[in-house]
Each structure stands twice: as C-alpha cells, then as structure tokens.
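Input: a single structure, listed below in structure tokens.
None of the values given here were measured: they were computed from a predicted structure. Chain A is the first sequence line, chain B the second, and so forth, proteins listed ahead of strands; every chain is numbered from 1.
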2 protein chains.
Amino acid sequence: MGTTQLESVPEPKYWHLRTVLTEALESEFSVGEILPNERDLAARFGVARATLRQALEQLELEGRLQRRRGVGTTVAPPRVGVAVGTEQHAWPGAADDVWQPADCTLAVPPASVADALETGRDEAVHIVRRSRVTHGQPVAAELLYIPQSSVPDLTAIDTPSGAARARAVLRELQRRELEGQENAVELGSARADDAKELDRLPGAPVLVVTTRYIAEGRTAALSVATYRADTCRLTFGDSGGVEIHQDPERRAS
Amino acid sequence: MGTTQLESVPEPKYWHLRTVLTEALESEFSVGEILPNERDLAARFGVARATLRQALEQLELEGRLQRRRGVGTTVAPPRVGVAVGTEQHAWPGAADDVWQPADCTLAVPPASVADALETGRDEAVHIVRRSRVTHGQPVAAELLYIPQSSVPDLTAIDTPSGAARARAVLRELQRRELEGQENAVELGSARADDAKELDRLPGAPVLVVTTRYIAEGRTAALSVATYRADTCRLTFGDSGGVEIHQDPERRAS
DNA sequence: AAGTGGTCTAGACCACGAA
DNA sequence: TCGTGGTCTAGACCACTTC
C-alpha cells in the first residue's frame, strides 16, 4: 500500500492500529468472542503480520485480549481484583487464606533471599510452593521461604511430604507472633516453571509481589508471589475487592 | 553457526539469549556502561537483529537495561523503591508529600472515573496534574480527580491558574476528614502525554496505581498515578524503602 | 554526517490444539 | 491433518542524538 499519510507527526502504525482495535473491541465485540486470525487481520488493515502482532501484544499486555497458540485470539474479560496484603496481620496459611499449598522442600535459597532472611548464604530453608486460583483460573504462583529458625519445633516425624508437609510448616509458623509485613510490587517476566503453572509462555509479564513477614524484629518469612499481569489488578488497603474499573489506557487528557 | 541443538526441548533463541545476556551483565558489565550496538550484538550471537531485540526488550522490561534512541543501550541501576500508600491516612498534598503539582483544570472526567466518584457523567471536576521525581529522574505522572463538592469553599478568586491553583485545591481538600484509602495496582501502557513526561516512548509498560480517598463514606478524590515499570519497585505497608532487592527472575526452583 | 535504537516488511518454519 | 499463534530471518527505512 506504499507510504501512508496518517498524521502530520507520524504516529507508529502499530500504535494507531492499537487504538483502532481498542475501539473496535469496545463497540463490535463481546467478551470471549474470537477475533479473526492474525494473517487475515493483517491483510484487512494492510500491514505486515509482525506489525499487527505488535498491536495485539500491547492489547494483551493491557488485559484486553487473550491469545492462545493453536486456538486463537479472544476478547478478555475485565481484570479481576485480587486482594493482596489485606491479611495485614496474619501469617500465610491462616484460616481465611486463599492460597493452596502444593509442595515443600528444604533447600538453599538464592543469595538475595538469604540476605533478606538474614540467614547464611549456604543455609537451607523451607521452601513452600503455593498457588492461587480465582474464578477457576490460576492467577498466581508463590514461593515462600521460611528459615528453619522460624519453625524450631518442626520435627522430621511431623513432616511427611508434599502438600501435607507444606501445611505442617505453615501451622508451625502460626505459633509465632507476627509484628508486621512489608509488600513490594514490581514488573517481572515469568520463569519457565511459573509460566507453566500460570498457563502462559515463558517471559510473560507478571507482577511480582514480595512480602516480608516480620516477627521479633527479624524477617521470619519471605514470600515471592508471581501474578499474571494480564488478568490481575492487585488491590491493597482497607477494603479489597471494590470495583473501580479504571481503565489504564483511556483517561481524559 | 547454522542450526543449534541447545536443548532436547528447544528453548526459543531469544529466551536463551536473554539468559546469556543476563549472566554477562552480572559478571562483565557495571551500571551505566554502554553495550555494543544491536547490529554488532546480533552478529556476535549469530541471530537476526529482531531476535536480539526481543531479548533486549525482556531485559529492559525487567529493569536491567535502558535503551535510548540515538544514544545506545546501557546497564540500568537497580530499581528504586518507591513508597506508595504509606501516607495511609493523609490527603494528597500533605506536608510530607513527594508530588509536585503541575497544573489544574476543571473538566468532565472519563465515565469510569465519574462512576467511581459518584458524580454525574456530565459533571466537571477539578483535575490536578502532578509529577513525582526521585533521584533526579521522573518516576510517575498522576491525575487527581476531585469533585467540586469535595472542595466547596473554593472560590474563583482564590484560584489563579497552573500550579498555584493546584495547590489551592489541595489545600482545601486538607480541611476535610480523611477516613481511609484504597489502592489498586495493575499493568498498563503509557499514553503519549504520560510517556513524554516519563521520558519514555508511547506504549511503554507502566504500573498504574489507582487510589480512592474516602471521606464521609464517599469517594472524595480519585488518583490515577502512572509509574515507570522499568525503573520502579512500589513498596506498600509499614516501612517503605527497605531494600530487599529480590530479583524477579533469578529464584531457586 | 554518522551512528544509534525504533518501525516495518514479506516471507519461512515450528509448536500446539482441535477435529 | 489443519489452522492457530509463536519464532526467526534479512533486509529497508525512519527518528533521534551527538559530533
């Protein structure tokens, strides 16, 4: 189609395409509907497939589309509000906890974790794997690092294996007095194993929530939770799941 | 180098490249150092430039690299911890506030904002633009929506224009009793104007923090703050800026 | 003017899911 | 087996910064 003269200050094609598609999604498509395939869409808009894909990637990042290899591209439902850190003064594994313990091992954590826990860099800690499911969809995978000193009364005889062992460790943790917790959120990319659990490809964008549980002035446990960035909106503070529905890309100027 | 036989389950080239580059960054480069240009790097690794770029994009997303058109690719410093919602019971504009008011207009907000504020969809509200700078770098741009009913004593005579007017509106807001606030975080992409303020390109990944300020049982103000996802780690809770330095991509398995 | 990253193209082949 | 999205290539040109 040759050179286009879309704008006086030429906006990238993929950006313009993203805008056009956004409007089309809101007016002509409903949630769950399947879009035409990438080759057809690219032809329809007169761009290369790579350019079309760049626009789709943006929309997927913003949680408006969901793409699955071998299946197709569908219109995504609105992001789910996921409460984080509302159990402000509860240990992981408390009664109202939404996490499913999956496994527990005893191993040496990465150096950065050891430093935060103030354990030696060669010291093994309990590593509990948990997953979080909302509305039938997996939304997060977590690694919980618990120094052996935080669960001193745990004996080998108590701890069979797998999820049962994870629960035993968490139960022991409850016995200590929790003084507070600190949360941090940052953008990351899913490692291969997390990606698999979250039903995404490696490198998919995730929100990494790091929580430090503090007891007796020290870090008694460290949680690193990996949330799907495309489907989740993390809520903090007083009342969690209130629907604000602020769309991060369509605001007044 | 022809076809590679890296893995029995073939890992994508860009993903492998990302791993190799991550290790190289940690062992052979220091913060601020300039990498070879993309064409040279691609040739060195025997891949197409597009593939190399896919790996660099990942690393930039993870906050390890910084790329600037016309300049080059540099090793990024560790993400800065940015406290969010620690002023848990303070209005925006309080004494210790880190935001710089830039402007203030009176306009009709987007429908989603009007709904959250419980104002009519055609009702104009004060819109305060503020920016946040840390370590000399812009990290966030904010739009604050304040219904006129939240600052009833504000008179036209008090409000000249620009930053001064923004400060006047915030000052009026302080007079009300704040009951609480709610925060939500999600991934978004920077609009053109935010991108410019954050020194990024349109579509750059951002963490969108939506805060609802509650007074007298109603939403008295709504803040939508856009943080650079590549350079920021948002901290919540008791004590803000503690360095945990958890690297979101290099954890034990 | 030279060099950088950003955009775009037109192909090819692969991995996966469903029929 | 077929259709989907995912990866990869080898180019071209553009926008921006610096000299």
Side-chain angles (χ1 to χ4, degrees), chain A residues 1-18 33-43 45-61 65-76 189-190 192 195-196 199-204 230, chain B residues 1-18 33-43 45-61 65-76 189-190 192 195-196 199-204 230:
Chain A
M1 77 177 311
T3 52
T4 54
Q5 44 185 15
L6 299 166
E7 316 280 333
S8 53
V9 175
E11 193 181 28
K13 274 190 190 179
Y14 77 91
W15 187 254
H16 181 246
L17 208 51
R18 189 205 72 102
E33 200 168 341
I34 301 180
L35 267 62
N37 72 50
E38 296 183 349
R39 291 162 179 86
D40 286 353
L41 275 179
F45 287 105
V47 300
R49 189 176 157 221
T51 305
L52 186 269
R53 277 181 62 80
Q54 213 174 339
L56 294 184
E57 263 152 40
Q58 287 273 344
L59 292 169
E60 191 177 27
L61 197 83
L65 289 181
Q66 188 159 0
R67 297 191 288 173
R68 273 170 302 173
R69 169 150 54 176
V71 181
T73 302
T74 56
V75 180
S189 46
K196 192 160 194 175
D199 195 24
R200 300 264 67 196
L201 292 169
D230 55 343
Chain B
M1 75 183 314
T3 53
T4 53
Q5 42 186 15
L6 300 165
E7 316 279 334
S8 52
V9 176
E11 193 179 31
K13 275 189 189 178
Y14 77 91
W15 186 254
H16 180 244
L17 208 52
R18 189 205 73 102
E33 201 168 339
I34 302 181
L35 267 63
N37 71 52
E38 297 182 350
R39 290 161 180 87
D40 286 353
L41 276 179
F45 288 105
V47 299
R49 191 178 156 219
T51 305
L52 186 269
R53 276 180 62 79
Q54 213 174 339
L56 293 184
E57 263 152 40
Q58 287 273 347
L59 291 169
E60 192 178 28
L61 197 83
L65 290 180
Q66 187 160 1
R67 298 192 287 173
R68 273 170 303 173
R69 167 150 57 174
V71 180
T73 302
T74 56
V75 181
S189 47
K196 191 160 196 176
D199 196 22
R200 301 263 68 195
L201 292 169
D230 55 345

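Of all the heavy atoms in A:Y14 and A:A55, the pair that sits closest is O-CB, 3.5 Å. Scanning both residues, B:L17 and B:T51, for their nearest heavy atoms gives CD2-O, 4.3 Å. The minimum heavy-atom distance linking B:Q66 with B:A76 is given by the pair N-CB, 4.3 Å.
Distance B:E38 CD to D:dG11 P: 17 Å, rounded to the nearest Å. Taking atom CG of A:L17 as the reference point, atom C1' of C:dT7 lies 13 Å away to the nearest angstrom. Between A:E57 atom CD and D:dG5 atom P the separation is 13 Å, expressed in whole Å. Nucleotide D:dG3 holds its C1' atom 12 Å from the CD1 atom of A:I34, rounded to whole Å. Spacing between atom CG of B:L35 and atom P of C:dG5 amounts to 9 Å, rounded to whole angstrom units. Rounded to whole angstrom, the span from the CG atom of B:L201 across to the P atom of C:dC8 amounts to 12 Å. Across the protein-nucleic acid pair, A:W15 atom CH2 and C:dC8 atom P stand 12 Å apart, rounded to whole Å. One can place CD of A:E11 at 10 Å from P of C:dC8, the figure rounded to the nearest angstrom.
By the side-chain contact (heavy atoms from CB on, under 4.5 Å) test, A:N37 pairs with A:R39, A:D40, sequence neighbours left out. Scored by the side chain to side chain donor-acceptor pair (under 3.5 Å) test, A:E38 finds A:R49, A:R53, A:R67 as partners (sequence neighbours excluded). With sequence neighbours excluded, the residues forming a side chain to side chain donor-acceptor pair (under 3.5 Å) with B:E33 are B:S30, listed by chain and number. For A:R68, the side-chain contact (heavy atoms from CB on, under 4.5 Å) partners at least two apart in sequence or on another chain are A:V71, A:T74.
Phosphate proximity of C:dG6 to B:R67: present, with a side-chain N or O under 4.0 Å from OP1 or OP2. An OP1 or OP2 oxygen of D:dT4 is reached within less than 4.0 angstrom by no side-chain nitrogen or oxygen of A:T73. Listed pair A:Y14 / C:dC8 fails the phosphate criterion, with no side-chain N or O lying under 4.0 Å from OP1 or OP2. Regarding contacts with the backbone of C:dT9, a side-chain N or O of A:K13 is found under 4.0 angstrom from either OP1 or OP2. Contact annotation: A:N37 side-chain N/O to D:dT4 OP1/OP2 distance is under 4.0 Å.
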**Q.** Sugar-phosphate or base contact per nucleotide [nucleotides 14-19 of chain D; S, B, -; heavy atom under 4.0 Å]
**A.** -BBB--

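With respect to the salt-bridge test (charged N to carboxylate O, under 4.0 angstrom), the residues A:E11 and A:R18 do not qualify.
Of the residues in residues 48-56 of chain B, those lying under 4.0 Å from DNA chain D by heavy-atom distance are B:A48, B:R49, B:A50, B:T51, B:Q54.
Distance check: A:L52 CG to A:E57 CD gives 10.5 Å after rounding to the nearest 0.5 Å.
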